[in-house]
Amino acid sequence: MTAIPSSLGPPHVVNIEDLRRLAQRRLPRSVFDYLDGGAEDECTLRENPRAFNDIWFRPRNAVALGDCDLRARVAGQQLAFPAILAPVGYSRMMHPEGELAAARAAGDMGTVYALSTISGHKLEKVKAASKGPVWYQLYLVGGRGAAEAGIERARKAGYSALVFTIDTPVAGMRERDPRNGMKQMLGGSLAAKLPFLPNILAHPRWLAAFLADGGMPQLENIVIPGQGPMKLVDVSAALAETAVSWNDLKWIRNIWNGLILVKGVLTGDDARRAIDEGAAGVIVSNHGGRQLDTVYAAIRALPEVVAAVGGRTEVLMDGGIRRGSDIVKAICLGARAVLVGRAYAYGMAAAGYPGIMRALEILRTDVERTLRLLGCPSISALDASYVDSPPQWRR
Ligand SMILES: Cc1cc2nc3c(=O)[nH]c(=O)nc-3n(C[C@H](O)[C@H](O)[C@H](O)COP(=O)(O)O)c2cc1C
């Protein structure tokens with residue numbers, strides 16, 4: 001484990017928002033806004049973290065506690081810490097180490113990394129970078145042939161679960177991206193890129209690292225039969241061509257014997273359907289507010305899904321987690337663990353591996369402090385009696 005440099009400690013970095021600011025400073029606007037932004041009016045993007053403020057704690061004071069136990073059992077594995085690193089596409093564009101750094105940090109923290117299909121490092125190397133379990137998030141980009149090859153590679157490399165994302169029949173309308181010329185930057189002619197170049201040149205640290213890494217990475221894990229790895233530029237169109245359905249999940253179950261988690265569930269009905277189709281767990285998620293705008297905050301959708309599942313399978317959630325107390329609240333409302341996306345990606349974009357470790361350290365310290373302040377000895381002892389949440393959230 002590398003020591004975290006003092007530039008990532010206090011007074012510079014005290015919370016996740018501080019890492020966000022560092023990421024904003026290091027990245028060109030197009031890349032930062034791709035990471036930071038959401039769909040349309042960004043209502044859901046804003047509501048995801050805000051909705052945690054509608055949940056209020058009910059502590060038990062004057063409780064003498066020894067060490068708090070932060071462990072959680074998820075998908076058959078014991079995690080040292082109940083926050084999993086969510087799949088974040090294009091991580092290698094944010095930092096050359098990208099997915100390798102995230103996998104390594106997750107392993108060092110005793111938790112899971114979920115690798116996105118939209119990744120710039122080969123999945124075998126990513127698995128080898130972690131000393132812990134790694135999951136593979138599956139899009140059918142490139143068609144079933146490419147997906148089957150990816151699943152087979154993931155199986156051989158030792159991935160312990162597939163995450164099947166169901167909320168992306170098309171990419172959401174993230175309005176910051178066309179304004180910043182994201183498409184032109186990814187694949188346009190030099191003339192098309194020209195208006196956006198001054199902002200890139202104004203971020204020399206990012207640019208030097210990007211060029212030293214060989215420029216725009218290919219999508220190493222979407223290998224189209226007879227063609228080779230897909231170019232970055234093709235992804236949005238390819239997503240729309242490969243909208244997934246429950247039939248695809250049946251097909252995947254036939255070629256993958258391991259666990260499957262369905263990500264992007266927001267209603268009790270979809271949760272029941274996922275279980276009927278053999279999911280080992282569901283992830284309540286609105287894709288971090290990047291897909292359908294004005295869907296509920298993920299934490300607000302959690303109680304309905306937990307009630308519908310009725311203990312038949314594990315429920316995870318993601319969206320808006322910026323503090324350890326958010327993690328604790330989600331677990332009180334019935335999540336087994338959470339996934340964090342931007343919280344670690346800001347750290348990754350700011351400083352690679354040490355930045356991710358700093359993000360995870362902040363969250364872990366927060367969780368431990370929150371448990372102590374609640375008078376609760378362990379993650380597994382958390383339940384709804386520690387919080388008050390709006391009654392209309394429970395269906
Ligand atoms: C930049 C970025 C890229 C993402 N790429 C993917 C992806 O490739 N596949 C996927 O299932 N989810 C993807 N997500 C969604 C995350 O896995 C997760 O659901 C979301 O980030 C959680 O919200 P949070 O960022 O507020 O923690 C992405 C999110 C971000 C911010």
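Please read these numbers as outputs of a predicted model, since none were measured by experiment. The figures here come from the full heavy-atom set of this structure, side chains too, leaving out hydrogens, waters and symmetry mates. Read the numbers this way: they start at 1 and go in the same order the structure lists the ligands and their atoms. We number each residue from 1, following the sequence as shown.
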**Q** Which atoms of ligand 1 are found less than 4.0 Å from any heavy atom of Arg322?
**A** 24 (P), 26 (O), 27 (O)

**Q** Measure from atom 10 (C) of ligand 1 to every heavy atom in Lys263, Met317, Met93, Gln291 and give the option owning the shortest one.
**A** Lys263

**Q** Below 3.5 Å, N or O to N or O, backbone or side chain included: is there any such pair between Gly89 and ligand 1?
**A** yes

**Q** Compute whether any side-chain donor of one residue and acceptor of the other, for Ser385 and Asp383, lie under 3.5 angstrom apart.
**A** yes

**Q** Geometry only, no angles: is Tyr34 polar-contacting ligand 1 at N/O separations under 3.5 Å?
**A** no

**Q** Could an N or O of ligand 1 be found under 3.5 Å from any N or O of Thr165, whether backbone or side chain?
**A** yes

**Q** Out of all atoms in ligand 1, which are within 4.0 Å of some heavy atom of Ser285? Include the element for each.
**A** 19 (O)

**Q** Can you tell me if Ala345 has a non-hydrogen atom under 4.0 Å from ligand 1?
**A** no

**Q** I need the contact type for Arg174 against ligand 1. Using non-hydrogen atoms and a strict under-4.0 Å cut-off, is it side chain, backbone, both or neither?
**A** neither

**Q** Would you say Leu35 touches ligand 1, if touching means a heavy atom closer than 4.0 Å?
**A** yes

**Q** Nearest to atom 7 (C) of ligand 1, what protein heavy atom do you find, and at what distance?
**A** Tyr139 OH, 3.4 Å

**Q** Mind checking whether Ile252 and Phe164 have side chains closer than 4.5 Å, heavy atoms only?
**A** yes

**Q** Between Asn286 and Asp167, is any pair of side-chain heavy atoms under 4.5 Å apart?
**A** no

**Q** Met357, Val14: one ILVMFWY side-chain cluster at the under-4.5 Å cut-off?
**A** no

**Q** Between Phe57 and Tyr386 (judged by ring centroids, cut-off 6.0 Å), do the two rings come close enough to count as a pair?
**A** no

**Q** Would you say Leu138 and Val163 make side-chain contact, with heavy atoms under 4.5 Å?
**A** no

**Q** Report yes if some N/O of Asp318 lies less than 3.5 Å from some N/O of ligand 1; otherwise report no.
**A** yes

**Q** Can you list the ligand 1 atoms lying under 4.0 Å from a non-hydrogen atom of Gly319?
**A** 22 (C), 23 (O), 26 (O)

**Q** Determine the sole option in Arg29, Arg342, Arg176 for which the salt bridge (charged side-chain N to carboxylate O under 4.0 Å, His left out) test with Asp36 is passed.
**A** Arg176

**Q** Around atom 26 (O) of ligand 1, find the nearest protein heavy atom and jot down its residue, atom name and distance.
**A** Gly320 N, 2.8 Å

**Q** Please work out whether any backbone atom (N, CA, C, O) or any side-chain heavy atom from C-beta onward of Tyr90 is under 4.0 Å from ligand 1, and answer side chain, backbone, both or neither.
**A** neither

**Q** Is there a path from Ile255 to Trp246 through hydrophobic residues (I, L, V, M, F, W, Y) whose side chains come within less than 4.5 Å of each other?
**A** yes

**Q** Where the closest heavy atom to atom 16 (C) of ligand 1 is concerned, which of Gly341, Gly288, Pro87 has it?
**A** Pro87

**Q** Which atoms from ligand 1 have a heavy atom of Arg342 less than 4.0 Å away?
**A** 23 (O), 24 (P), 25 (O), 26 (O), 27 (O), 31 (C)

**Q** Side chain or backbone, does Leu339 bring an N or O within less than 3.5 Å of an N or O on ligand 1?
**A** no

**Q** In the single-linkage hydrophobic clustering (I, L, V, M, F, W, Y; side-chain heavy atoms under 4.5 Å), do Met348 and Trp135 co-cluster?
**A** no

**Q** Hydrophobic clusters here meaning ILVMFWY residues chained together by side-chain heavy-atom distances under 4.5 Å, can you tell me if Leu339 and Val74 are in one?
**A** yes

**Q** Under a 4.0 angstrom heavy-atom cut-off, which atoms of ligand 1 come close to Ser116?
**A** 7 (C), 8 (O)

**Q** Determine whether Phe52 and Val328 make a side-chain contact, defined as any pair of heavy atoms from C-beta on separated by less than 4.5 Å.
**A** no

